[in-house]
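Inspection log for the structure reproduced underneath, given as structure tokens.
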Amino acid sequence: MKRENMKRKTRYTNQQVADLLYKIADLVAIKGEVIYRVMAYRKAADSIAHLGRDINEVWREGKLQEIPGVGQAIADKISELLSTGHMSFYDKLTAEVPPSLVEVLRIPDVGPKKARAMWQELGLTTVAEVKAAAEAGKLRALPGFGPKTEAKILAGIESLARRITDRVHLGVAFPAARDLVGALARLPQVRRVAYAGSLRRFCPTIGDLDILAATDDPVGVMAAFRQLPQVETVLLSGETKTRVRLIGGLEADLRCLDEARWGTALQYFTGNKAHNIKLRELALKQGFSLSEYSLKREDGSEILCAEEEEVYRALGLPFIEPELREDWGEIEAALAGELPRLVSIQDIRGEVHCHSTWSDGRASIEEMALTAEAHGYEYLVISDHSQGLGMTRGLTPERLRQQWAEIQTVRRKLQRLRLLQGTEVEIKADGSLDFPDEVLAELDFVVASVHSSLRQDRETITRRVVRAMRSPHVDAIGHPSGRLLTRREESAVDLDEVLRVAAETGTMIEINAAPERLDLDDVHVRSAVESGVSLVINTDAHQPGDFDNLLFGVATARRGWAGPEHIANTLPLEALLARKKGGA
DNA sequence: GCCGTTTTCGGCCCGACTGTTTTCAGTCG
């Protein structure tokens, strides 16, 4: 009665391989090995997490060592893992260093040295044991520890327990950052202020906010910052740097600096770390030392950069857009003069996926259309859910026809916007569609999505989506992975296969701009761009305010190196319709 | 452990803040 797939070896995803390498890095650090060995594991893990190709495939082709940061030793370990399902190096390592210490490392202010000390001196290997020891006042006796360190560790454990997740999506981080920047901009001493960090790069999730302020009065600005009503706790505060926890739990750093050094500072604090390290290495080769303060020549004299562009120019590079700064090859491309031209929000002419009160939207068709028109859109497709999705009051074919009458009425109230009718049709568990072909054939644009049975295994859910893509009526696949950032993992669907079939069938793939989705994700956008898949950016708006999310979708496209030519809704309506399957 | 416009060996980005220290180590970004 044993099924075939129960005997099969576990298949490792890129993320799982990366996570194992991160874990090895932590354990090797606690073991006390040279930091460069630790960094090597982390670098390899970063590369694999953002590979954009299935690691199993790369391994089968024998090309593991072509991955940046993967040399002979790490390639051998990955090979062993993928072929046998275990890694003897990891087994040996965890026999020496208890793997639960990785959790201890997550306590703020506990790094490898402190974790090792607590483990070696007091035998503490879990967060619970550390907590008990701290409460009993046993930590302060350790060399390098004191009462304050002990208290900090206790507070750190508390904050770990209180936080559900340590990252938030852009829909949370972006308004919070705008709010802080606005408050600081109102201070008379502040000359310039901006957010930097992962938010400026539009990473899908954000760990904390990085705010920069140019001022001649850092002490005054820091004092004012600590007093802001948004601030719950001041975590640390010096002359140039203050770190606080905001109400709601998000943490924010404020750095103050001279206006003349704005460019180097903004560049540095935008990151990411790997991009910065590579930039600093490039600077060293050219005889400079680059820091957030300046470019320093070997004789110690400084070149100040008031603008970011000057930093890149001084290193012989064109400006690199923040969304590209992930060390995914952008510095090499910049050196070669091969940076892509990125799509911008002004390029988007309309959307083909939004909802109304006809299903689970919160605004009428008219409100949605007028808002889209006010945004300068040329077209909008109303695409309410189909009948099978009961909780969204999905439409039956009959109601779909009634909706058509309303769309025609609304059309008369519009100046420029061209309003069309579509659907977000449910892809049922077996891959069939929730409307018959003759109904789909009448619609202007069909988005097909998966909302149910998201836990199907990889083969089943992939076959299901592929079957939908082979329908001549399906123009695009909506939010293909089904992830909900910080809440729900993506489904097991094989996105590489989805993209391959998309290219073959001419099915468009959506970049859903809702900040909790950003689905297709940046890494696969890059694969789509490389394989010639047509993408479409939609906010999936359920109310008028949701159209403002477009910038998150555009940023995700930019992070995947997409230009306007890769995004179908940068086209005028007729050209977009012509690009559909069987389009004129 | 990785890597090469100086290198196949000897490097590997740079700085702020805190706490425990008599001058610096650890952590963080």
Side-chain angles (χ1 to χ4, degrees), chain A residues 21 24-26 28-47 64-78 89 93 104-118 139-153 155-156 196-198 206-212 218 222 234-243 251-257 261 264-265 267-296 315-316 327 332 335:
Chain A
L21 292 173
I24 289 174
D26 285 346
V28 163
I30 293 169
K31 199 178 157 192
E33 302 242 14
V34 287
I35 191 67
Y36 300 109
R37 217 178 150 194
V38 178
M39 286 163 58
Y41 281 109
R42 295 214 172 107
K43 184 166 167 40
D46 284 342
S47 288
L64 285 175
Q65 286 193 58
E66 289 181 17
I67 300 170
V70 176
Q72 182 78 53
I74 293 182
D76 287 348
K77 293 180 175 78
I78 296 172
F89 174 76
L93 184 62
V104 173
L105 265 192
R106 295 173 60 92
I107 303 170
D109 298 308
V110 174
K113 298 285 162 47
K114 288 207 175 82
R116 179 181 170 83
M118 293 190 285
L139 296 185
R140 64 183 66 188
L142 292 172
F145 288 58
K148 287 193 174 173
T149 302
E150 193 175 72
K152 264 186 155 180
I153 288 176
S198 52
I206 307 296
D208 56 19
L209 303 179
D210 295 288
I211 314 281
L212 295 189
M222 288 303 182
V234 177
L235 298 171
L236 61 84
S237 190
E239 274 187 27
T240 64
K241 176 175 168 177
T242 292
R243 184 171 184 86
E251 292 181 2
D253 279 342
L254 175 66
R255 301 289 297 237
C256 286
L257 56 124
R261 302 179 191 271
T264 37
Q267 193 290 314
Y268 174 69
F269 287 107
T270 297
N272 74 0
K273 192 173 175 178
H275 175 93
N276 284 353
I277 289 174
K278 200 161 267 190
L279 218 55
R280 287 174 174 204
E281 286 169 352
L282 188 65
L284 280 175
K285 282 179 198 158
Q286 299 180 13
F288 299 109
S289 167
L290 174 61
S291 77
E292 58 263 53
Y293 296 104
S294 66
L295 274 160
K296 212 178 269 181
L315 298 174
D327 191 24
E332 293 79 356
L335 283 168

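Order of the sequence lines fixes the chain letters, A, B, ..., with proteins taken first and strands second; residue numbering starts at 1 for each chain.
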Length of the CD1-C1' vector between I35(A) and dC14(B), whole Å: 15 Å
dG1(B) phosphate, OP1 or OP2, under 4.0 Å from Y41(A) side-chain N/O: yes
Length of the line joining L290(A):CG and dG29(B):P, which is rounded to integer Å: 20 Å
Whole-angstrom distance between dT6(B) and dC2(B), as gauged at atom P: 23 Å
Touch class at under 4.0 angstrom, heavy-atom based, for K114(A) against every strand present: sugar-phosphate
dG11(B) versus dG26(B) - spacing of their P atoms, nearest Å: 23 Å
S289(A) side chain near dC13(B) phosphate (N/O to OP1/OP2, under 4.0 Å): no
Spacing of CD1 belonging to I78(A) relative to CG belonging to L21(A), to within rounding of 0.5 Å: 5.5 Å
Gap in Å between the two C1' atoms, one belonging to dT8(B) and one to dC3(B), rounded: 9 Å
Separation of atom CZ in R42(A) from atom P in dG29(B), rounded to whole Å: 12 Å
Donor-acceptor under 3.5 Å (Q286(A) side chain, L315(A) main chain): yes
Sugar-phosphate only, base, or nothing, as touched by L284(A) at under 4.0 Å among non-hydrogen atoms: sugar-phosphate
Sugar-phosphate, base or nothing in reach of L279(A), heavy atoms under 4.0 Å: nothing
5′-ward residue of the pair S237(A)/V38(A) relative to DNA chain B: V38(A)
P spacing across the pair dT21(B) / dA16(B), given as an integer number of angstrom: 24 Å
4.5 Å side-chain heavy-atom contact, R106(A) and D26(A): no
Whole-Å distance separating the CD atom of Q267(A) from the P atom of dC14(B): 13 Å
Out of dC14(B), dG26(B), dC17(B), whichever nucleotide has its closest atom nearest the side chain of S291(A): dC14(B)
R37(A) side-chain N/O to dG1(B) phosphate OP1/OP2 under 4.0 Å: yes
Electrostatic pair R280(A):E292(A) at N-O distance under 4.0 angstrom: yes
From dG1(B), dC13(B), dG19(B), nucleotide with atom closest to K148(A) side chain: dG19(B)
Interatomic distance, L236(A) atom CG to K241(A) atom NZ [nearest 0.5 angstrom]: 6.0 Å
Sugar-phosphate only, base, or nothing, as touched by P112(A) at under 4.0 Å among non-hydrogen atoms: sugar-phosphate
Under 3.5 Å on both distances, the Watson-Crick or G-U partner of dC17(B): dG26(B)
dA16(B) phosphate, OP1 or OP2, under 4.0 Å from Y293(A) side-chain N/O: yes
5′-ward residue of the pair L142(A)/F288(A) relative to DNA chain B: F288(A)
Sugar-phosphate only, base, or nothing, as touched by E281(A) at under 4.0 Å among non-hydrogen atoms: sugar-phosphate
Whole-angstrom distance between dT7(B) and dC12(B), as gauged at atom C1': 13 Å
Below 4.0 Å: OP1/OP2 of dC17(B) and any side-chain N or O of T240(A): yes
Rounded distance (Å) that lies between atom C1' of dC2(B) and atom CD1 of I78(A): 13 Å
Contact under 4.0 Å: R243(A) side-chain N or O vs dG29(B) OP1/OP2: yes
Touch class at under 4.0 angstrom, heavy-atom based, for V70(A) against every strand present: sugar-phosphate
Spacing of the C1' atoms in dG19(B) and dT5(B) (rounded, Å): 44 Å
Backbone of D208(A) reached by a side-chain donor or acceptor of E251(A) within 3.5 Å: no
Length of the CD1-C1' vector between I67(A) and dG1(B), whole Å: 15 Å
Which nucleotide in dC13(B), dC2(B), dT27(B) has an atom nearest any side-chain atom of A40(A): dC2(B)
Span that lies between the C1' atom of dT22(B) and that of dC14(B), in whole angstrom: 26 Å
Touch class at under 4.0 angstrom, heavy-atom based, for K152(A) against every strand present: sugar-phosphate
Backbone of Y268(A) reached by a side-chain donor or acceptor of N276(A) within 3.5 Å: yes
For atom CG of L257(A) and atom P of dG15(B), their distance in whole Å: 15 Å
Sugar-phosphate only, base, or nothing, as touched by V110(A) at under 4.0 Å among non-hydrogen atoms: sugar-phosphate
Integer-rounded Å distance: dT20(B) C1' and L139(A) CG: 15 Å
Nearest-nucleotide pick for D253(A), side chain only, options being dT20(B), dG29(B), dA16(B): dG29(B)
Non-hydrogen side-chain atoms of D109(A) and T149(A) separated by less than 4.5 Å: no
hbond_proxy Y268(A) side chain to dG29(B) base (donor-acceptor, 3.5 Å cutoff): yes
Closest listed nucleotide, where the reference is the side chain of K273(A) and the choices are dT27(B), dG1(B), dG29(B): dG29(B)
Candidate nucleotides dT20(B), dG1(B), dG29(B), ranked by approach to the side chain of T149(A) - the nearest: dT20(B)
